[in-house]
Amino acid sequence: MSFEESIREIFQQELEKFKQSVTPSPTENDWLSEYPNMLTTAHVREILGIKQTKMSELMNRSDFPVFKLAGTRIPKHKFIIWIENNTRWIEDNTQSNRKII
């Protein structure tokens, strides 16, 4: 192995160590990353484990973050905040067995 190849290999190893040090560790909520940033009502129903009737009730809440300009979508980041602020509703009205937040 030449001097350049040795330096290149050392550099690659150090670069990999650096990447690992700045990459956030997995959290319990990583499964949320499988969903798009703008959720559909089907996504929310799946996440919360609710049926259409309960989803309709949820959509009619004044504090629930619904974006209706491009169809009915729920911004994921606002949905997560809503869940954090409404854990009692989640506990009382859903069948979700996942730890959401």
Side-chain angles (χ1 to χ4, degrees):
M1 180 181 293
S2 73
F3 179 73
E4 283 183 10
E5 291 171 331
S6 296
I7 296 295
R8 198 171 289 130
E9 184 177 327
I10 291 169
F11 178 76
Q12 288 296 328
Q13 291 170 354
E14 292 303 313
L15 181 59
E16 192 58 38
K17 286 179 190 175
F18 174 75
K19 284 180 187 177
Q20 290 175 358
S21 72
V22 296
T23 303
S25 60
T27 65
E28 292 179 5
N29 300 323
D30 280 349
W31 62 268
L32 280 172
S33 65
E34 70 189 54
Y35 292 96
N37 288 331
M38 294 297 279
L39 303 169
T40 63
T41 57
H43 292 136
V44 172
R45 288 176 53 209
E46 179 181 314
I47 291 166
L48 297 178
I50 60 177
K51 297 193 187 294
Q52 186 58 46
T53 304
K54 192 58 71 173
M55 185 68 207
S56 295
E57 178 185 321
L58 186 59
M59 297 289 286
N60 288 323
R61 288 179 56 113
S62 62
D63 64 341
F64 190 72
V66 180
F67 181 74
K68 293 185 179 180
L69 290 178
T72 302
R73 296 285 187 265
I74 298 91
K76 183 168 60 174
H77 69 286
K78 291 190 180 256
F79 177 61
I80 292 168
I81 293 167
W82 182 87
I83 290 172
E84 290 172 348
N85 293 327
N86 292 278
T87 54
R88 174 67 63 197
W89 190 95
I90 301 296
E91 291 169 357
D92 293 345
N93 293 281
T94 71
Q95 302 299 316
S96 181
N97 58 0
R98 293 191 215 190
K99 181 171 171 60
I100 298 174
I101 299 296

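Note that these values count all heavy atoms, side chains included, but never hydrogens, waters or copies made by symmetry.
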Practice task
Spell out, as yes or no, whether a donor-acceptor pair under 3.5 Å connects the side chain of Lys76 to the backbone of Leu32.
Solution key: yes

Handout entry: Validation row: His43, Pro36 side chains within 4.5 angstrom (heavy atoms)
Key = yes

Practice task
Quick one: closest heavy-atom pair of Trp82 and Asp63, and the distance?
Solution key: CD1-O, 3.1 Å

Practice task
Would you check if the side chain of Lys68 reaches a backbone N or O of Arg73 as a donor-acceptor pair within less than 3.5 Å?
Solution key: no

Completion exercise
The reported gap from NZ in Lys51 to OG in Ser56 (rounded to nearest 0.5 angstrom) is 13.5 Å

Problem - Within 6.0 Å of CD in Glu5, more than 12 heavy atoms from elsewhere - result: yes

Practice task
Measure the spacing between CD1 of Ile80 and CD1 of Ile74 and express it to the nearest 0.5 Å.
Solution key: 12.5 Å

Practice task
Side-chain contact test, heavy atoms from C-beta onward, threshold under 4.5 Å: evaluate it for Asn86 versus Arg61 and give yes or no.
Solution key: yes

Exercise for the section: Please examine the side chains of Asn37 and His77, heavy atoms only from C-beta on, and report whether any two atoms are closer than 4.5 Å. Expected result: no

Practice task
Working to the nearest 0.5 Å, report the span between NZ of Lys78 and CZ of Phe67.
Solution key: 10.5 Å

Exercise for the section: Please examine the side chains of Leu58 and Leu48, heavy atoms only from C-beta on, and report whether any two atoms are closer than 4.5 Å. Expected result: yes

Practice task
Could you grab the distance from atom CE of Met55 to atom CD of Gln52, nearest 0.5 Å is fine?
Solution key: 7.5 Å

Problem - Residue pair Pro75 / Pro65: nearest heavy atoms and the distance that separates them - result: CD-O, 3.5 Å

